[in-house]
Protein chains: 2
Amino acid sequence: MSTAPASERLLRIGEVAELTGTTPRTIRFYEEIGLLPPAQGREPGKRRTYSEADVERLRDVLRLKQLLNLPLEQVRELAEAESTRAALRREFVETEDPAERRRIVEAALPLVERQLELVCGRIAELRKLEDDLRERRRRLRARLRELDTA
Amino acid sequence: MSTAPASERLLRIGEVAELTGTTPRTIRFYEEIGLLPPAQGREPGKRRTYSEADVERLRDVLRLKQLLNLPLEQVRELAEAESTRAALRREFVETEDPAERRRIVEAALPLVERQLELVCGRIAELRKLEDDLRERRRRLRARLRELDTA
DNA sequence: TTGCTAGCTTACGTTCACGTAAGGAATGGC
DNA sequence: GCCATTCCTTACGTGAACGTAAGCTAGCAA
């Protein structure tokens with residue numbers, strides 16, 4: 001797999017913000033409300049550091065928020081799947097216990113499925129809207145032709 | 001077509017709110033910021049009345065807002081297509097001038113096309129997200145099977 | 001006419017999701 | 001060691017999108 005060694009250059013909050021198209025303030029805020037896990041083991045007052053996995057998690061969160069138009073509270077609930085994913089990477093190293101691993105995976109699965117449901121539902125709504133708009137466009141074009149030939 | 005006679009029972013703001021799943025306050029607010037046209041010829045202080053077409057327009061507005069997650073300001077720009085649609089109905093009676101009709105239709109078309117672009121773009125983003133989620137689910141399921149057979 | 005309900009205007013309040021400013025500390029370069 | 005960045009915490013400010021309350025009116029029904 002692609003489980004890079006834990007030595008993969010840690011990023012600072014400013015870099016993460018840039019990479020994800022957001023701001024440091026937002027990242028701290030998301031941490032504050034529990035949407036993002038507190039940056040890995042840092043003494044208070046010192047700087048937050050992030051891994052590439054953290055960046056991806058943030059990307060997911062932002063995408064969910066933007067595309068589904070959900071309040072952060074709901075995003076948080078959904079994003080626990082991402083947490084679990086991160087946990088998986090770590091526990092994968094720390095724990096060898098298959099039962100523990102199983103518990104983690106079993107917790108993540110329904111959350112991913114819930115996300116899928118929401119996304120598919122939203123797609124369906126948008127498709128309906130797309131259809132309506134195409135129909136409307138068709139009628140407008142027909143009108144134009146009528147006006148041409150009249 | 002379905003151009004009902006203008007006598008199609010007028011609705012009051014509370015009914016419209018119920019029909020569209022919103023509140024009177026919101027409807028007044030939308031009128032205030034110019035997102036909805038001021039309810040047809042009413043003396044100030046008196047009650048607003050709405051036609052079925054107004055209800056549909058509001059539905060469209062709410063749908064655009066919710067599905068595209070746009071600020072009301074942008075919704076307003078987009079929704080001028082809807083205004084034009086309403087204008088069409090009225091002017092269709094009031095004006096016989098084909099040039100005028102043509103102007104109206106030509107103004108509405110690009111707005112509908114802009115809406116379509118936005119909707120299609122959003123659908124594409126959501127599809128990408130859907131794919132990612134399916135892939136993630138696939139992996140989680142694979143993990144589970146591994147843990148089963150191990 | 002009187003009452004009741006829903007609506008009107010005006011204005012202040014609220015929630016969410018951050019923005020911004022102040023004062024201080026931590027790195028990295030020289 | 002010094003200095004410039006970048007970051008830290010704390011706290012107050014802000015824009016969008018309404019909610020809510022107060023005092024008054026429209027319109028219908030009995």
Side-chain angles (χ1 to χ4, degrees), chain A residues 7 9-51 54-55 57-79 82, chain B residues 7 9-51 54-55 57-79 118:
Chain A
S7 59
R9 169 141 168 50
L10 292 176
L11 303 163
R12 292 177 304 177
I13 199 169
E15 303 176 288
V16 174
E18 188 121 347
L19 285 172
T20 55
T22 183
T23 71
R25 167 61 175 148
T26 296
I27 297 175
R28 289 192 206 103
F29 177 65
Y30 284 3
E31 180 186 319
E32 192 180 324
I33 65 173
L35 211 176
L36 296 178
Q40 289 298 5
R42 92 176 213 285
E43 301 150 58
K46 287 208 168 183
R47 296 184 167 174
R48 292 166 177 83
T49 59
Y50 300 90
S51 69
D54 292 327
V55 175
R57 188 204 152 103
L58 178 50
R59 281 214 184 90
D60 286 347
V61 161
L62 292 170
R63 199 160 54 152
L64 276 179
K65 168 182 156 54
Q66 198 228 341
L67 293 183
L68 295 184
N69 192 13
L70 299 176
L72 294 181
E73 170 59 27
Q74 277 209 50
V75 176
R76 185 179 60 181
E77 291 165 18
L78 283 174
E82 266 55 38
Chain B
S7 60
R9 170 143 167 49
L10 291 175
L11 305 164
R12 292 178 305 178
I13 199 170
E15 304 174 288
V16 175
E18 187 122 346
L19 286 172
T20 55
T22 182
T23 71
R25 166 62 174 146
T26 295
I27 297 175
R28 290 192 206 103
F29 178 65
Y30 285 4
E31 179 186 321
E32 193 181 321
I33 64 172
L35 212 174
L36 297 178
Q40 291 299 5
R42 93 176 214 286
E43 301 150 61
K46 286 206 169 184
R47 295 182 169 174
R48 292 167 177 83
T49 59
Y50 300 90
S51 68
D54 292 328
V55 174
R57 188 204 152 103
L58 178 50
R59 281 214 184 91
D60 285 347
V61 161
L62 291 170
R63 199 161 53 153
L64 276 178
K65 168 183 155 54
Q66 197 227 342
L67 293 183
L68 294 184
N69 192 15
L70 298 176
L72 294 182
E73 169 61 27
Q74 277 209 49
V75 176
R76 186 179 59 179
E77 292 166 17
L78 283 175
L118 288 177

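Letters go in sequence order (proteins before strands), and every chain restarts at 1.
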Trainee: Within this structure, what is the CZ-to-P distance between R47(A) and dA25(C), rounded to whole angstrom?
Mentor: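 So the two atoms are 14 Å apart, to the nearest Å.
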Trainee: Are any of R76(A)'s side-chain N or O atoms less than 4.0 Å away from OP1 or OP2 of dC16(C)?
Mentor: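 So the side-chain polar atoms of R76(A) never come under 4.0 Å of the phosphate oxygens OP1 or OP2 of dC16(C).
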Trainee: With a 4.0 Å limit, can you tell me whether Y30(A) has a side-chain N or O closer than that to the phosphate oxygens OP1/OP2 of dC18(C)?
Mentor: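 Affirmative; the distance criterion is met.
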Trainee: Would R12(A) and E18(A) pass as an ion pair if we require N to O under 4.0 Å?
Mentor: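 No, R12(A) and E18(A) are not salt-bridged.
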Trainee: dC18(C), OP1 or OP2 - any side-chain N/O from T23(A) closer than 4.0 Å?
Mentor: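 Negative; the distance criterion is not met.
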Trainee: So, is R25(A) near the phosphate of dT9(D), with a side-chain N or O under 4.0 Å from OP1 or OP2?
Mentor: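 Looking at the OP1 and OP2 atoms of dT9(D), neither is under 4.0 Å from any side-chain N or O of R25(A).
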Trainee: Roughly, in whole Å, what's the span from CZ in F29(B) to C1' in dG13(C)?
Mentor: 14 Å
Trainee: Has K65(A) got a side-chain N or O lying under 4.0 Å from the OP1 or OP2 atom of dA17(C)?
Mentor: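 Negative; the distance criterion is not met.
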Trainee: Of P44(A) and E73(B), whose nearest nucleotide on DNA chain D comes first from the 5' end?
Mentor: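 Checking each residue's closest nucleotide, the 5'-ward one belongs to P44(A).
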Trainee: Just N and O in the side chain of R48(A): are any of them under 4.0 Å from OP1 or OP2 of dC7(D)?
Mentor: no
Trainee: Using whole Å, report how far CD of Q66(B) lies from P of dC18(D).
Mentor: 12 Å
Trainee: For residues R28(A) and I13(A), determine if any side-chain heavy atom of one lies less than 4.5 Å from a side-chain heavy atom of the other.
Mentor: yes
Trainee: With heavy atoms under 4.0 Å as the rule, sort L72(B) into base, sugar-phosphate or nothing.
Mentor: sugar-phosphate
